[in-house]
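Every chain is numbered from 1, with letters handed out A, B, ... down the list of sequences. As the structure is a prediction and not an experimental result, all values here were calculated from the model.
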Number of protein chains: 2
Amino acid sequence: MTVPARLPPLSEMSEALLFQGLDSIALKRIFGVAVESSMRASETLFHQGDEANRLYLVVSGVVKLSQVTANGTSHVLRLMSAGDIIGCVAVFNCCPYPATAFVEEDAILISWAEPQFRRLMEDHPDLTANALRLVGARTQEFVTRLGEINGATAEQKIARAVLRLARQAGVKETNGVRVGTTRQDLADMSGITYFTVSRIVSNWKRLGLVEADRREVLIKQPHALLLLSEGN
Amino acid sequence: MTVPARLPPLSEMSEALLFQGLDSIALKRIFGVAVESSMRASETLFHQGDEANRLYLVVSGVVKLSQVTANGTSHVLRLMSAGDIIGCVAVFNCCPYPATAFVEEDAILISWAEPQFRRLMEDHPDLTANALRLVGARTQEFVTRLGEINGATAEQKIARAVLRLARQAGVKETNGVRVGTTRQDLADMSGITYFTVSRIVSNWKRLGLVEADRREVLIKQPHALLLLSEGN
DNA sequence: CGCTTATTTGAAGCCCCTCAAGCAATGTGG
DNA sequence: CCACATTGCTTGAGGGGCTTCAAATAAGCG
């Protein structure tokens, strides 16, 4: 349910990595052909396999990227929040969206039609160069995760997943950082069952490292989790 | 032991994805500042953490990219063969090489100094665009692998690793496809121990799916392995 | 209140890791 | 050409971490 709205504030979003180093004329042109839309939680931006016809920039809110693999299991790739670009690989590479984008928390997005953004990249080489850096960083992130999985225990994986979520979509509170997530999502991010997640999170509760209710985890001792994630 | 040699044959290497769509003038300039070198098996192109000062294009031979993770285990990211680009993410992103490049089979390489290649990208936007596609494809590959790991048995993982190797660096023979690899490498690609690899490969031998000697595997029934990799 | 969704907990079992030992192929030096 | 070390591979036994299956509890929602 994308609802076109007023032009977004240039000054805010032009800070996104994708637009670094571009002059105000270029920025004006880029944002001139952009569309702003707002989406409610539980809506879907696009499904895995859809034709990649738009590139999105997250202004606010949280969007979950998840993927269904050949064996039928689904796993969470990443949570996207303010400043993140969604759909870059698919749009730059002319392939279907490789993942599903699901709105976790009410979000405001700016988007561009694929052919238009391609034109913009042709006319502004800096934009292409920025995109290259961005995709490169993404690659590194996934390669790192590939390595982290090796030989890690379930507890390490979950600790990492929780901390990653806290970084990407956590809310600071007086007694810690609150993360909105289900045990199932944590399991899908870590490649383990939600039974194991539940057992381990319960244990953390007992130790006072976190508080955890249905659909959320409050991290009380981030440092302790960090130590756990690195294997004590 | 890099040995500068004659200028490489343009007609051959300009087919690499990185150079698609570039006119002969651009190609002449690009290859004009390139350096050809040949390396023997067991030599190292660069180590993980080294400053990324060169971009390599593989003309022939096989180069193994491997990474040591925080927990001390090493894992094989990929084998690179003719047409593959090595060091792209690091050079494009101005960060140290994230992996070590080890020559598995005698190789001939063409390489560019980092600042020079950066200049080339500035002057030839198509080159940047190609690089973006290339890195994007690489990202997808790793994301796919992240998903495949979930819920896969050791046998599935090894089957996939062997097939991937066959694709990336296999040699067709009369009775199958020969892959030069140790059990240890297969283990490092799959995130399992080489004991388990040995047990499973031995079992495949017993079933007649492969022949396997020290440092090599001959795939006799690729289709059977493919089925295994997908979980029967 | 029922119905669905999210979570907890237990018990059984299997897959894979760990550790230990031995074998075969390949060098290497005398 | 043999002695010996090294490297790569195989095989066994034991144990543990995680999955699977089953069941119960609790929270949200019409």
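Looking only at distances, a side-chain donor or acceptor of Arg160(B) sits under 3.5 Å from a matching main-chain atom of Glu148(B). No donor-acceptor pair closer than 3.5 Å links the side chain of Glu216(A) to the backbone N or O of Asp213(A). Judged by distance alone, the side chain of Gln168(A) and the main-chain N or O of Ser81(A) form no donor-acceptor pair under 3.5 Å. Using modelled atom types, one side-chain atom of Gln156(A) and one backbone atom of Thr153(A) make a donor-acceptor pair closer than 3.5 Å. Thr69(A) places a side-chain N or O within donor-acceptor distance of the main-chain N or O of Thr73(A), the cut-off being under 3.5 Å.
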Q.
Apply side chain to side chain contact (heavy atoms under 4.5 Å, CB included) to residues Trp204(B) and Glu155(B) and explain how you reach the verdict.
A. CA-CA 10 Å; Trp204(B) 289 349; Glu155(B) 183 163 43; 2.9 Å; yes
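Within 4.0 Å (heavy atoms only), Arg214(A) reaches at least one base atom of the nucleic acid. Residue contacts shown for Ser202(A) are limited to sugar-phosphate atoms, with no base heavy atom under 4.0 Å away.
Contact footprint of chain B on DNA chain C: nucleotides with an atom under 4.0 Å from a non-hydrogen protein atom, first to last in 5' to 3' order, dC16(C) to dT26(C). Here the range on DNA chain D touched by chain A, meaning any atom under 4.0 Å from one of its heavy atoms, is dC18(D) to dG28(D).
Under the 30°/60° scheme for interplanar angles, the aromatic rings of Tyr97(B) and Phe46(B) are found to lie parallel. Phe92(B) and Phe117(B) have parallel rings, their planes meeting at less than 30° on a 0 to 90° scale where 60° marks the start of perpendicular.
Between Arg199(B) and Ala212(A), the residue whose closest nucleotide on DNA chain C is further toward the 5' end is Ala212(A).
Arg183(B) CZ to Asp188(B) CG: the interatomic distance, rounded to the nearest 0.5 Å, is 13.5 Å.
Side-chain N/O atoms of Arg54(A) and Ser111(A) include a donor and acceptor closer than 3.5 Å.
Residues from residues 143-171 of chain B lying near DNA chain D, meaning a heavy-atom separation below 4.0 Å, are absent.
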